[in-house]
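Reading through the structure tokens given below for one structure.
Within every chain, numbering begins at 1; the chains are lettered A, B, ... in the order of the sequence lines, protein sequences first and strands thereafter.
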Amino acid sequence: MPELPEVETIRRYLATHLVGQTICRALLYTKALRRPIPALNRILPHLAVSDVRRLGKYLLICFDQGTLIMHFGMSGRLYWTPNNVKRSKHDHLDMVLSDNSRLRYNDPRRFGVLLWHVGAINQHSLFAKLGPEPLSQQLSSCYLYGFASAKKTAIKPLLLNQDFIAGIGNIYASEILFRARIHPARLANNIADSEWVLLVSAIKQVLKTAIQAGGSSIKDFVSVNGQLGAFQSQHAVYARTSQPCIICGSPIQALLQRQRISFYCPGCQILPSAGCTGQARH
DNA sequence: CTTTGCACCTGTTGGC
DNA sequence: TGCCAACAGGTGCAAA
């Protein structure tokens, strides 16, 4: 479910409501998700939350003694509930706070991750190859060009590679390429300098706007407080197959790339035909 | 080394 | 109504 804007929405809520609170008890119901879960029921009690951070799609709940690393996979979420609410299916962790309310981690598909890390977070192997934060200055057209301009892969699957840029997922990859007017099947090594510049600004603009809207709620994303995201109403292409493009009116098309669906406008995002790859011709 | 295909899970949806 | 295949916001690893 959550890509960068959704995780950032969760982070902002927790930064306001969780920092400073102490975890009195932790109840762990599950041994493993995508990876084995450490004994958080023994680790977390009596620790006070000092900060809540985000790296790409990872949420970091920081304590002086270490960091709880969370990833939400496709279906993970956090929700706050009173003490007396019965545990529901696929709840994996309860963090009981001093007022007896509980912060619950729930993940039906179990693609998420719960880990504990002591020491500098950047040293964790999960983050060793993680690409730059898209909203930082590190993400520039020079960076994109340097990483990608020799790659023989299509740009859309490349945008999903977290080693390239941290935090972009399937919704925002399509939305970003639409705003940059780049066809999802364009090969990275055929993208022009001017297009990398367009791409950088599309990345920043789409993600910034999506964060302001509280993320996208397609099926079931809700923030910790149950708040739905609103960015789905601004989706130009995602899940809009055969609906008219908001710019040119052409029907939006879907395309399967590496088992993942991409959406694009055939009028605005032109794929150069073979033999017309932008090289000089006479 | 780079690039692709698939497995990992469960729930929901849509066609017959 | 019921059944079953297809699909869903992600990632890691095996294979080509």
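- When the P atom is used for both C:dC7 and B:dG5, the distance is 16 Å, rounded to whole Å.
- Judged by a 6.0 Å distance limit and a 45° cone about the ring axis, A:Lys219 is not positioned over the six-membered ring of A:Phe221.
- Environment of CZ in A:Phe127: crowded, with over 12 heavy atoms of neighbouring residues, nucleotides or ligands closer than 6.0 Å.
- Residue contacts for A:Ser75: at a heavy-atom cut-off of 4.0 Å it reaches no nucleic acid atom on any strand shown.
- Rounded to the nearest Å, the gap between the P atom of B:dA7 and that of C:dA6 is 14 Å.
- We find that CG of A:Asp107 is positioned 13 Å from P of C:dT11, with the value rounded to whole Å.
- Taking side-chain N and O atoms only, A:Tyr238 has a distance below 4.0 Å to OP1 or OP2 of C:dG9.
- As a whole-Å value, the separation of A:Leu55 CG from C:dG10 P is 17 Å.
- Here C:dG10 presents its C1' atom at 17 Å from CE of A:Met70, a figure rounded to the nearest Å.
- Across all strands shown, the partner of B:dG5 is C:dC13, judged by Watson-Crick or G-U wobble contacts whose two distances both fall under 3.5 Å.
- One can place CZ of A:Arg260 at 15 Å from C1' of C:dA6, the figure rounded to the nearest angstrom.
- Using a 4.0 Å cut-off between charged side-chain N and carboxylate O, A:Arg54 and A:Glu133 make a salt bridge.
- Side-chain atoms of A:Asp91 and A:Tyr79 form a donor-acceptor pair, as typed in the model, at a separation below 3.5 Å.
- No hydrogens or angles considered: nothing links the side chains of A:Glu8 and A:Tyr13 as a donor-acceptor pair under 3.5 Å.
- Taking side-chain N and O atoms only, A:Lys57 has a distance below 4.0 Å to OP1 or OP2 of C:dT11.
- C:dG12 atom P lies 14 Å from atom CG of A:Leu33, rounded to whole Å.
- Ring centroids of A:His92 and A:Tyr29 are separated by 6.0 Å or more, keeping the two rings apart.
- The pair A:Arg181-A:Glu195 does not count as a salt bridge, with every side-chain nitrogen at least 4.0 angstrom from each carboxylate oxygen.
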Could you list all N or O pairs between the protein and nucleotides 3-7 of chain B that sit under 3.5 Å apart?
residue: B:dT3; atom: OP1; partner: A:Lys152; partner atom: N; Å: 2.7
residue: B:dT4; atom: OP2; partner: A:Thr153; partner atom: OG1; Å: 2.9
residue: B:dT4; atom: OP2; partner: A:Arg258; partner atom: NE; Å: 3.1
residue: B:dT4; atom: OP2; partner: A:Arg258; partner atom: NH2; Å: 2.1

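- The CZ atom of A:Phe72 sits 18 Å away from the C1' atom of C:dA8 (whole-angstrom rounding).
- Using a 4.0 Å heavy-atom criterion, one finds that A:Ile261 contacts the sugar-phosphate atoms exclusively.
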Under-3.5 Å N/O pairs linking protein and nucleotides 8-10 of chain B:
residue: B:dC9; atom: O2; partner: A:Arg109; partner atom: NE; Å: 2.9
residue: B:dC9; atom: N3; partner: A:Arg109; partner atom: NH2; Å: 3.2
residue: B:dT10; atom: O4'; partner: A:Pro108; partner atom: O; Å: 3.4
residue: B:dT10; atom: O3'; partner: A:His90; partner atom: NE2; Å: 3.0

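- Contact check, A:Gln162 against C:dT11: a side-chain N or O comes under 4.0 Å of OP1 or OP2.
- Taking the C1' atom of each, C:dG12 and B:dG11 are spaced 23 Å apart, rounded to whole Å.
- The side chain of A:His71 places no N or O atom within less than 4.0 Å of a non-bridging phosphate oxygen (OP1 or OP2) of C:dG10.
- In this structure, the CG atom of A:Leu256 is 11 Å from the C1' atom of C:dA6, given to the nearest Å.
- Between A:Arg35 and C:dT11 there is no side-chain N or O to OP1 or OP2 distance below 4.0 Å.
- With rounding to whole Å, A:Phe164 atom CZ is found 18 Å from C:dG10 atom C1'.
- Between the side chains of A:Gln138 and A:Tyr143, not a single donor N or O lies within less than 3.5 Å of an accepting N or O.
- A:Arg110 pairs by the salt bridge (Lys or Arg N to Asp or Glu O under 4.0 Å) definition with nothing, not counting sequence neighbours.
- Remark: the backbone N or O of A:Pro251 is not paired with any side-chain donor or acceptor of A:Gln243 at under 3.5 angstrom.
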